[in-house]
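First up is the structure itself, then whatever we jot down about it.
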Amino acid sequence: MTEPVKVLTEFVHEDESWTIDRYLRAGGYEAARKACTEMQPEEIIDFVKRSGLRGRGGAGFPTGLKWSFVPKDTDRPKFLALNGDESEPGTFKDRLVMERWPHSIIEGALIACRAVGISTVYLYIRGEMPLGYRRLVGAVKEAYDRGFLGKNIFGIDGFDVDMTIHRGAGAYICGEETGMLSSIEGGRGYPKLKPPFPAVSGLFGMPTVVNNVVTIAYLPYIFGRGIEWWRSFGTEKSPGLMPYSVSGHVERRGVYELPLGVTLRELFELAGGWSRPMKAVIPGGSSSKVLRLPDAWDVPMTFEGPMEAGSMLGSAAVVFMDETVCMVDALYNLLRFYEHESCGQCTPCREGTGWSVKIVRRIAQGKGRPGDIETLLGIADQAIGKTICVFAEAFGWPIQSYVALFRDEFEAYIRKGAHVAHGAQPQAAAHAG
Amino acid sequence: MSAETVDKRELSPEARKEFEWLCGRYPRRRAVLLPLLRIIEREFGCIDEAGMALAAELIGISAAEVKSVVSFYTHYKRDTDGKYVIWVCNTLPCALRGARELTDALERKLGVRCGQRTADGRFSLKKAECLASCDTAPCMQIDDDHYDHVTEQQLDEILARYE
Amino acid sequence: MAEADKVKLTIDGVEVEAPRGSMVLEAALDAGIFVPHYCFHRALSVAGNCRMCMVEVWPRGRDGKPMGPPRKPSIACATEVADGMVVKTKSAMAHEARQGVLEFLLINHPLDCPVCDQAGECDLQDFSFQFGRGESRFREEKAIKGAKDFGPEVRFYGNRCINCTRCVRFTQEIAGSSDLVQVHRGGRNVIDLADGAVFDHPLSGNVVDLCPVGALVSRDFLHKSRVWHLDRTDSVCPHCSTGCNIEVHTQDEVVQRIKPRHNPHVNGYWICDRGRLGYHHVHADDRLTAARRNLGPEHEGEVSVRLSFQEAIAEAGAAIERAGERAYAIANAWLTNEELFALQTLWPTDRIGLIARPPGEEQRFYPKWGDAERNPSLPRQHERGKLYEDGATFVIEADRNPNRTGALRILGEQACSEQRLDAILSAALAGEVETLLVFSGMPDYHPPEVLTGALARVANVIVVDLFDGPLARAASLVLPGAAVFEKRGTFTNGRGRTQRIDMARPTPGQARTELEILFALGRALGRPLPSGSPKRLFELLVEQNEAFAGLRWADTHHVAPAWSPHMAAARKGLPVLASPCAGKGGSSA
Amino acid sequence: MAVTHDEAVERTDERKSSWVERLYLREIVAGLANTFRHLVFESPFTTQYPEETIPYNPRARGEHILKVDEQGREKCVACLLCEAACPSKCIRIVPGPAPWDDRERYPVEFEIDMLRCIYCGFCEDACPCDAIELTPKPYTVFDRRETALYDKEKLKNNYPQDWRERFSDGYGKQTGPPFRREAGDRSLIR
């Protein structure tokens with residue numbers, strides 16, 4: 001069985017793991033020093049490209065490629081915006097890194113800044129993570145004190161990096177890259193029209209690189225241990241490690257740092273299994289399509305694997321559900337979340353989330369009508385691909401997959417007003433509203 | 001353009017200094033709005049009409065724009081909230097592991113439904129949308145304090161810490 | 001524009017040329033292909049949130065040929081035109097996308113068209129008819145958001161709002177006040193003001209025009225009429241020297257409302273609230289409707305004798321004839337060029353003075369972009385609302401008269417000077433004036449006491465006025481005049497643009513336009529005017545006056561382009577419901 | 001088999017009446033017998049109008065009524081759709097903000113010129129809130145033109161109960177409610 005490969009998570013269970021001393025003792029800031037002093041910016045980008053590092057935030061976009069989109073010869077200021085607004089239900093890997101290993105993010109940010117020629121970094125952290133905010137602010141202060149932030153870092157003339165921790169205030173949509181930029185700019189977290197993409201016109205209208213904090217946190221290790229080491233994990237197209245957030249019906253929930261390509265079964269077993277038979281799994285955060293168990297046990301968790309199975313890797317947040325889970329109830333829970341978190345900018349998402357949650361609530365209360373399922377699918381269909389950001393997909397895909405895979409449960413609910421799963425109780429009715 | 005009845009407020013010198021420092025961290029003043037609102041929340045306990053007017057004045061935007069931003073984000077403490085806000089996570093991973101029971105217990109203990117404020121104004125109970133702590137579900141947050149693996153038995157002790 | 005600044009693309013099989021950097025939607029509208037839209041407005045930044053203008057865009061591939069059909073539709077308002085692009089606005093993909101969006105828009109929209117003032121000019125109605133599904137699958141409770149008075153002119157019905165944010169962008173980018181904002185989030189999104197604030201901005205009424213649905217309605221027009229009953233007359237606002245182009249909407253000869261008419265050289269899409277509400281004087285209770293001779297204090301009980309128009313003209317003519325050199329005239333800056341020209345023809349200019357409404361404060365409006373610009377790199381985003389060289393989006397001039405420039409050009413500087421008026425008044429006080437012809441007829445005009453005082457010393461005061469005010473009471477002979485919306489002619493605005501006004505309603509009772517009065521007077525005096533037609537007089541004016549040289553009557557009327565289907569239909573006098581979706585191109589011009 | 005014109009003419013010619021037949025005695029006697037029968041054996045079927053009236057079909061289209069809700073307030077919201085639908089332009093409405101909280105607008109004035117009305121019922125079809133309806137009330141009689149202008153109060157109280165009793169009993173028995181849509185009232189606007 002695959003054993004966890006502890007890289008980011010090696011020291012996180014120690015006390016004071018978030019201090020710079022602990023980080024330096026683990027060899028911190030050496031990789032960045034080496035990369036920044038010994039490599040040219042183009043070489044750094046090339047190195048990242050060759051490593052095959054892809055974004056760990058959800059979309060899986062190749063990091064090196066993203067950096068190379070930023071215009072080189074521009075006198076406009078460029079920004080690095082780090083996305084720590086982790087709000088996808090089921091995901092908690094960023095929280096762990098930001099709270100307990102924050103200096104890896106700062107060190108990675110230094111490499112990114114050196115590569116793209118950036119001197120200002122904003123790290124956007126969720127408003128609901130006060131501890132992470134305090135730790136990051138502390139870490140930034142320590143880094144300034146030790147000269148890892150500020151002017152002429154590593155003694156390189158003109159290599160100045162300023163980093164500011166920007167605290168959000170409770171909006172899932174700020175996890176979307178342009179929504180996050182709007183929020184940093186001090187506005188409502190409305191995603192922006194694309195094109196122009198952030199790499200050309202992002203924060204304050206300037207070229208901006210947006211990366212997930214974990215993506216950035218891996219950079220020091222890739223530079224420190226080399227492309228060979230990194231590529232020894234995972235597959236050709238999806239190399240490297242991934243912190244999987246495993247939650248739901250397993251004995252030992254938590255972040256498991258494993259190579260890309262482990263199967264869902266391996267993850268389940270690593271996490272201690274569960275006493276009851278399993279029914280379904282969400283492989284990549286709540287907005288990815290649900291997969292039916294046991295059909296999906298052997299899906300490899302790479303960027304391509306879940307996609308072939310009809311879902312996506314997303315943020316690698318794996319939520320297991322056992323047979324007692326009522327899928328109508330589960331969908332209602334998720335849709336309520338999306339209804340609450342839709343920014344309301346585009347019509348299909350603003351109206352579609354509200355409408356679908358009303359229908360599913362009605363079904364869960366036993367008042368479903370024939371035709372409701374078709375209407376639900378119609379809503380998803382009408383919304384997906386028709387909004388500014390991918391939020392429509394985020395609430396459309398669950399609708400499509402829950403209804404497609406567990407249509408019998410929905411139909412039974414509509415027919416009898418009750419749930420068919422063994423031992424499950426319709427609970428949404430009690431929580432309506 | 002706000003009503004004249006609103007009393008003028010001012011930041012304390014330390015907060016004022018922090019605000020000035022923040023202004024230097026961003027290329028545009030408007031970007032300081034979110035951090036400034038946190039400062040105001042801390043200074044005055046919540047963000048009310050006067051607080052928004054103060055933010056508008058300091059940033060140099062209209063009070064309506066501040067209201068627009070404040071109302072977009074759910075995490076700011078408003079004047080309609082209790083002294084402490086209890087955020088109890090109810091999203092799917094937590095719901096799978098007993099968030100409902102915790103919420104019900106909290107509702108029973110406090111005698112209010114989610115979204116309401118206790119009669120004595122001490123607590124507001126709110127459903128949170130994923131606190132990114134799915135591994136320690138059920139979980140809740142009271143203001144800035146996070147509680148993992150909360151059981152009904154612990155509630156009395158936890159709530160007693162907030163006077 | 002240079003050739004390089006143009007791109008060629010194909011929209012619905014028609015090859016279209018569009019400026020580089022413009023959006024597909026603009027290119028389509030300019031080519032007469034109507035694409036439905038709510039949030040897009042030519043003067044505002046692109047928000048791209050209504051998702052109504054979705055079209056199928058085939059970008060050009062590497063080989064120069066358009067690539068195959070896209071996976072999903074794009075919004076035309078935020079897709080930049082590119083060479084070789086192929087756009088299909090009526091394809092099945094686009095049509096289905098629109099149907100979906102319309103269904104979403106309608107689920108929480110109340111079915112209260114019968115009581116909604118927007119009905120009849122509502123984009124939601126029109127597009128639902130043309131592109132909608134016909135029936136809704138929505139069986140749930142509709143969201144309730146309530147209604148609220150935003151300010152003296154604007155009322156907000158939350159339930160009807162489709163969150164297009166045109167009004168929000170207007171207050172930010174045109175009015176510069178950022179009064180209106182969206183509050184809350186998601187489905188609870190609603191337009192609101194700051195707590196306790198009142199939306200009393202001078203341009204507030206424009207959000208009513210901008211609102212594509214009935215969410216923002218005019219309190220002045222509230223429940224007054226249905227728009228399909230209204231007759232539209234193009235005119236020019238008389239309330240300041242900006243000379244905004246307007247439409248006067250009347251029903252049964254009663255002015256119901258004023259709407260702006262787009263003119264990119266003068267007012268853009270906007271008018272101020274003063275102009276919007278500045279028609280009530282037309283129906284004032286104290287409007288004069290009959291000519292009369294005021295009797296002096298010696299006639300106890302009886303105050304005045306009613307005269308017919310002919311009698312009054314005959315009396316006036318006789319009084320002017322009798323006075324000879326001792327007859328003076330006072331014109332005003334609300335008279336049309338033609339009327340001033342007629343007066344100048346009849347009367348020696350050295351015995352003409354000019355009164356005008358006192359100046360107010362000049363108000364210039366600039367966008368207030370704030371720090372968080374929506375999409376700074378979208379082309380022309382900052383230029384969209386700009387109307388004036390200095391970046392102003394709208395100007396309310398200090399001069400509260402529509403035609404002072406015309407008066408200056410026709411009567412000359414001396415006649416229009418303060419000194420001339422003072423000279424005439426002091427002559428009157430000295431008893432040297434026997435007959436004085438005063439044109440007033442300006443609403444909200446309070447004649448200075450020196451004027452009313454001077455009138456008391458003049459034997460024959462002939463006043464042409466709209467209202468039974470101090471001037472009419474001080475006169476010996478009163479002739480009812482015409483309001484601006486009751487006559488034809490031209491005004492020359494503060495920037496020297498000569499623009500036409502037209503008759504939206506007839507003069508009430510025996511009232512006559514000043515031009516008719518002058519024409520009749522000319523006949524009575526034995527010096528008939530060459531013509532009584534404003535058009536003919538304008539042509540003569542152009543011939544005789546250098547300042548007007550080269551102008552043609554036709555040029556004085558700016559025809560606003562019609563970018564919405566009901567605007568186009570209203571202009572053509574057609575019903576709106578010719579479906580552009582059924583083929584045959586849009587009804588947009 | 002088709003009969004040609006010529007054939008038909010010929011056949012008619014064949015059946016010439018005899019002179020006895022041409023006296024029509026039989027027909028005259030039969031007709032007189034019928035008259036006599038009615039005179040002696042059957043009651044007269046004329047109605048002694050105006051003392052008596054014949055019952056009208058409840059679906060006949062007569063004068064309008066402006067319906068009211070439980071509180072006696074007119075249901076009309078002054079949308080002016082009846083005015084738009086009216087082919088003879090006999091309806092005049094002045095809309096205004098309603099004095100009640102539960103609705104937006106109401107007719108400040110509502111007037112129908114009964115001399116112009118052609119009783120087509122389009123107004124009833126156009127009405128989105130079932131506020132106007134044509135009753136079977138038949139006689140629209142005026143002595144002066146002014147009285148032909150029915151105002152709001154008159155329209156609200158048109159077709160009172162005694163008229164209803166007098167006219168709605170149909171042909172011998174009640175054939176249905178006098179107001180056609182009472183059962184499925186589909187008010188849209190409140």
Side-chain angles (χ1 to χ4, degrees), chain A residues 77 86-92 94-95 120 122 126-131 134 162 164 166-172 174 183-190 203-204 206 245-249 252-255 282 286 317 319-322 325 329-330 333-334 336-337 340-341 343 427 430-431 433, chain B residues 21-22 24-38 41 47 55 59 61 65-66 68-77 87 89-97 99-100 103-104 113-115 126-137 139 141 143-146 149:
Chain A
E86 177 179 61
S87 345
E88 180 83 13
T91 318
F92 42 92
D94 299 355
R95 177 196 192 95
T120 314
Y122 295 102
R126 274 189 83 179
E128 287 92 332
M129 296 181 184
L131 179 66
R134 287 197 295 272
D162 278 313
T164 308
H166 191 96
R167 191 178 173 198
Y172 170 77
C174 294
S183 187
I184 296 179
E185 285 167 2
R188 295 160 71 80
Y190 275 176
L203 204 52
F204 309 111
M206 305 301 169
S245 318
V246 181
S247 62
H249 287 146
R252 293 191 298 276
R253 294 165 290 171
V255 175
I282 302 172
S286 67
V319 184
F320 288 101
M321 293 185 253
D322 72 13
V325 177
D329 215 15
N333 187 303
L334 284 183
R336 205 203 51 206
F337 169 81
H340 186 261
E341 296 297 336
C343 78
Q427 290 169 309
H431 279 263
Chain B
W21 177 80
L22 278 166
R25 303 295 291 180
Y26 294 91
R28 294 188 189 155
R29 211 174 168 88
R30 167 86 192 233
V32 189
L33 180 56
L34 263 67
L36 174 64
L37 287 170
R38 285 287 182 201
E41 187 185 28
I47 297 174
I59 300 280
I61 54 177
E65 281 177 289
V66 177
S68 167
V69 169
V70 170
S71 64
F72 184 86
Y73 299 97
T74 52
H75 203 253
Y76 290 121
K77 193 182 282 184
W87 292 96
C89 180
N90 260 281
T91 315
L92 186 62
C94 276
L96 293 173
R97 299 303 291 267
R100 255 167 210 156
T103 312
D104 289 344
R113 299 295 304 269
C114 274
K126 292 188 182 184
K127 272 185 192 172
E129 297 297 357
C130 194
L131 292 171
S133 190
C134 316
D135 50 342
T136 60
C139 58
Q141 259 180 22
D143 281 358
D144 277 1
D145 305 328
H146 188 87
H149 298 295

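Numbered from 1 within each chain, the chains take letters A, B, ... in sequence-line order.
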* Where the side chain of B/E41 meets the backbone of B/K77, is there a donor-acceptor pair that is under 3.5 Å apart? -> yes

* **Residues that B/Y26 engages under ring pair (Phe, Tyr, Trp, His ring centres under 6.0 Å), provided they are two or more places apart** => A/Y122, A/H166

* **chain A contacts, top residue of B/L37, B/L92, B/V69 (heavy-atom pairs, under 4.5 Å)** => B/L92

* For B/L96 against A/M321, the heavy-atom pair lying closest together -> CD1-CG, 3.7 Å

* Asked: Does any non-hydrogen side-chain atom of B/S133 lie less than 4.5 Å from one of B/H146?
  -> yes

* Which one, A/A171, A/G248, A/S286, leads in non-hydrogen pairs under 4.5 Å with chain B? -> A/G248

* Asked: Heavy-atom distance under 4.5 Å to chain B: side chain of A/C343, backbone, both or neither?
  -> both

* **B/A137 portion near chain A, given a 4.5 angstrom heavy-atom threshold** => both

* To do: Would you check if the side chain of B/T74 reaches a backbone N or O of A/G170 as a donor-acceptor pair within less than 3.5 Å?
  => yes

* **Atom group of A/E341 that falls short of 4.5 Å from chain B, counting heavy atoms** => side chain

* Asked: Would you say the side chains of B/T91 and B/E129 form a donor-acceptor pair under 3.5 Å?
  -> yes

* Asked: Relative to chain B, which segment of A/S87 carries a heavy atom at a distance below 4.5 Å: side chain, backbone, both, or neither?
  -> backbone

* Structure fact -> So, the part of A/H249 with a heavy atom under 4.5 Å from chain B: the answer is both

* side chain to side chain contact (heavy atoms under 4.5 Å, CB included) against A/P130, all qualifying residues, sequence neighbours excluded -> A/R134, A/R167, B/Q141, B/D144

* For chain B, the option from A/M129, A/E86, A/H340 that forms the most heavy-atom pairs under 4.5 Å -> A/H340

* To do: Please determine, among A/P89, A/C174, A/S247, the option with the most heavy-atom pairs under 4.5 Å with chain B.
  => A/P89

* Could you tell me which portion of A/S183 (side chain, backbone, both or neither) has an atom closer than 4.5 angstrom to a non-hydrogen atom of chain B? => both

* Where does A/L203 contact chain B at under 4.5 Å (heavy atoms): side chain, backbone, both or neither? -> neither

* Structure fact -> Whatever's closer than 4.5 Å to a heavy atom in chain B on A/L334 counts as side chain

* **A/E128 side-chain N/O to B/L131 backbone N/O, donor-acceptor pair under 3.5 Å** => no

* Structure fact -> Bottom line for B/R38: the part with an atom under 4.5 Å from chain A's heavy atoms is side chain

* Specify which of B/V32, B/L33, B/L34 makes the most heavy-atom pairs with chain A at under 4.5 Å. => B/L34

* Would you mind telling me which of A/G254, A/A317, A/G127 has the largest number of heavy-atom pairs within less than 4.5 Å of chain B? => A/G127

* With side chains defined as the heavy atoms from C-beta onward, is the minimum distance between A/R336 and B/N90 less than 4.5 Å? -> yes

* Asked: Does any non-hydrogen side-chain atom of A/T120 lie less than 4.5 Å from one of A/T164?
  -> no

